[in-house]
Amino acid sequence: MQRTYVLEYGTYLRKVSDSLELRKKDKVLCQIPLNGLKQLTLVGGVSLSSPVMDLLARNRIETIILGRNWDFKARFMVDEHKHVARRMAQYYKMGNPDFALRAARVLVRSKLENASSFLSIRGRNYQDEELHAAGAKISSLAEALESRKSIEQVRAVEGQASKVYFAMFPRLLRNKSFSFNGRNRRPPLDPVNAMLSYVYTMLIMETLTMITAAGLDPYLGSLHALERGRPSLACDLVEEWRTFLGDRMVLGLINRRQLKKSDFTIRSANQPGKYQKEDRSLPVEMKKHATRKLIDRYEKWMATRAICPVTSEETDYRGLMRRRIWKFCRWIEGRERSFEPGLWFVEK
């Protein structure tokens, strides 16, 4: 298995020969073979010993540490130290305000056009004129991006489009057990927002890994300003995938009844606005078996076969993301003359 997620709180990993042993107190929960393992994601309170870290480093296994609510904490990866020229090109280009504005425009346009296509397709399938109209409105906002002269103005357009898009989200739900009253996060206050946050986090981690493998600095982007500890370039490049990969997957889990409301512990059911940040318990938590189901579904989803609309190559969703990041990388280096919006819905 190339990717393994450890979700059990209060556990620790120890080195046993050429594998890892997951233990809780004196009980062995499972063995994780290192053969073929490329990425280890630890969620919540999982402890590591120095020999385990040494083993992970020697086997070049990327290790991601997430908090209890899947908030990013840390990432261990062996640095290749061979991409200095590429990173210098990135610092030079992204430090140019005109270039940074062009990058931000392209990425937001990708996000908006994909959201527009998605709403239009669902509007037609559900015979819902409001979905179709919202898709058209977002498309017109995307058209307006070219006249925006600053990144702040681009962000404002993105904000307008997000309001339109998420106002339509309840109409995409076909399972009456779930409801959606607007996007919220940090922490999410309802199951739909919790699932969106989980999947967005996984997509950002995917992007972060691919950016680093390509040799770019994931902390220097354009749309997302510099902020201590935030991988701004990963946040930038994941934008165009949110609808195509993230939202469609979450809606599939809900509408096909693969997850139930009872799969969540909800502490703010009737008073989401009254959740207090001082309260250490989260307002919504996905139960462990449901989290495992979501992860399994995510891995299958990312392995979905697809034809790249740009190169016509057969790949999977991870392959589409990887190709896009390498195209961005070639644009940064001047090996591609342009970086066009990535439009992933072939059907309009």
Practice problem: Write down the atom of S222, the atom of A104, and the distance for their closest heavy-atom approach. | Solution: OG-N, 3.6 Å
Quiz item: To the nearest 0.5 Å, what is the distance between CD (E336) and CH2 (W326)?
Solution: 12.5 Å
Self-check item: Atom of V199, atom of G246 and distance for their closest heavy-atom approach
Solution: CG1-CA, 3.6 Å
Quiz item: Are side-chain N/O atoms of S338 and E340 paired as donor and acceptor at under 3.5 Å?
Solution: yes
Exercise. Calculate, to the nearest 0.5 Å, the distance between atoms CZ and OG belonging to R105 and S147 respectively.
Key: 8.0 Å
Quiz item: Do other residues, nucleotides or ligands put more than 12 heavy atoms under 6.0 Å from the CD atom of E129?
Solution: no
Quiz item: CD1 of I61 to CG of L40: how many Å apart, nearest 0.5 Å?
Solution: 7.5 Å
Exercise. Keeping the roles fixed (side chain from D263, backbone from Q258), state whether a donor-acceptor pair exists under 3.5 Å.
Key: no
Quiz item: Taking all non-hydrogen atoms of both residues, which atom of P33 and which atom of S19 are closest, and how far apart?
Solution: CA-CB, 3.9 Å
Quiz prompt | Donor-acceptor contact below 3.5 Å, side chain S197 vs main chain A194 | solution = no
Exercise. Kindly say whether L189 contributes a backbone atom to a donor-acceptor pair with the side chain of N184 at under 3.5 angstrom?
Key: yes
Quiz prompt | CZ on F264 to CE on M195, rounded to 0.5 Å | solution = 4.0 Å
Quiz item: So does Y92 have more than 12 non-hydrogen atoms from other groups sitting under 6.0 Å from OH?
Solution: no
Exercise. Look up atom CD in E152 and atom CG in L101, then write down how far apart they are to the nearest 0.5 Å.
Key: 9.5 Å
Quiz item: Of the non-hydrogen atoms in T243 and N114, which two are nearest, and what is the gap between them?
Solution: CG2-O, 4.2 Å
Quiz prompt | R323 (side chain) donor-acceptor with G319 (main chain) under 3.5 angstrom | solution = yes
Practice problem: Check the surroundings of atom CZ in R174: do more than 12 heavy atoms from other residues, nucleotides or ligands lie under 6.0 Å from it? | Solution: yes
Exercise. Take atom CZ of R305 as the centre, draw a 6.0 Å sphere, and report whether it contains more than 12 heavy atoms from other residues, nucleotides or ligands.
Key: yes
Practice problem: Would you indicate whether the side-chain heavy atoms of P309 and L343 approach each other to under 4.5 Å? | Solution: no
Practice problem: Verify, without hydrogens or angle tests, whether D190 (side chain) and G182 (backbone) share a donor-acceptor contact under 3.5 angstrom. | Solution: no
Self-check item: Distance, nearest 0.5 Å, that separates CG of L112 from CD of E158
Solution: 7.5 Å
Quiz item: Between D98 and R102, does at least one N-O distance fall below 4.0 Å, as a salt bridge requires?
Solution: no
Quiz item: Any donor-acceptor pair under 3.5 Å linking the side chain of R230 with the backbone of A225?
Solution: yes
Quiz prompt | Non-hydrogen atoms of P170 and F166 that approach each other most closely | solution = CD-O, 3.6 Å
Quiz item: Just checking, R324 and F339: is the charged tip under 6.0 Å from the six-membered ring centre and within 45° of the axis?
Solution: yes
Quiz prompt | Sidechain-backbone polar pair: K287 side chain, S262 backbone, donor-acceptor under 3.5 Å | solution = yes
Quiz item: Are S162 and R183 close enough that a side-chain donor and a side-chain acceptor fall under 3.5 Å?
Solution: no
Practice problem: Using the rule that two of Ile, Leu, Val, Met, Phe, Trp, Tyr join whenever any of their side-chain heavy atoms come within less than 4.5 Å, decide whether Y126 and V192 are in one cluster. | Solution: yes
Quiz item: Would you find more than 12 non-hydrogen atoms of other residues, nucleotides or ligands less than 6.0 Å from K163 atom NZ?
Solution: no
Self-check item: L131 to R171 - nearest heavy-atom pair and separation
Solution: CD2-CB, 4.0 Å
Quiz item: Are a donor atom and an acceptor atom from the side chains of E206 and Y317 found within less than 3.5 Å of each other?
Solution: no
Quiz prompt | Donor-acceptor contact present, side-chain K93 to main-chain I332, <3.5 Å | solution = yes
Quiz prompt | Shared hydrophobic cluster, L29 / V6 (ILVMFWY, side-chain heavy atoms < 4.5 Å) | solution = yes
Quiz item: Between the side chain of R297 and the main-chain N/O of V250, is any donor-acceptor distance below 3.5 Å?
Solution: no
Quiz item: Are the charged groups of E143 and R109 less than 4.0 angstrom apart, N to O?
Solution: yes
Practice problem: Establish, yes or no, whether the cationic atom of R87 lies under 6.0 Å from the six-membered ring centre of Y91 and within 45° of the ring axis. | Solution: no
Practice problem: Validate the cation-pi geometry between R242 and Y165: distance from NZ or CZ to the six-membered ring centre under 6.0 Å, angle to the ring axis within 45°. | Solution: no
Quiz prompt | Atom NZ of K293 with >12 non-hydrogen neighbours under 6.0 angstrom | solution = yes
Quiz item: According to the interplanar angle, ranging from 0 to 90°, do the rings of F244 and W344 count as parallel (below 30°), tilted (30 to 60°) or perpendicular (above 60°)?
Solution: tilted
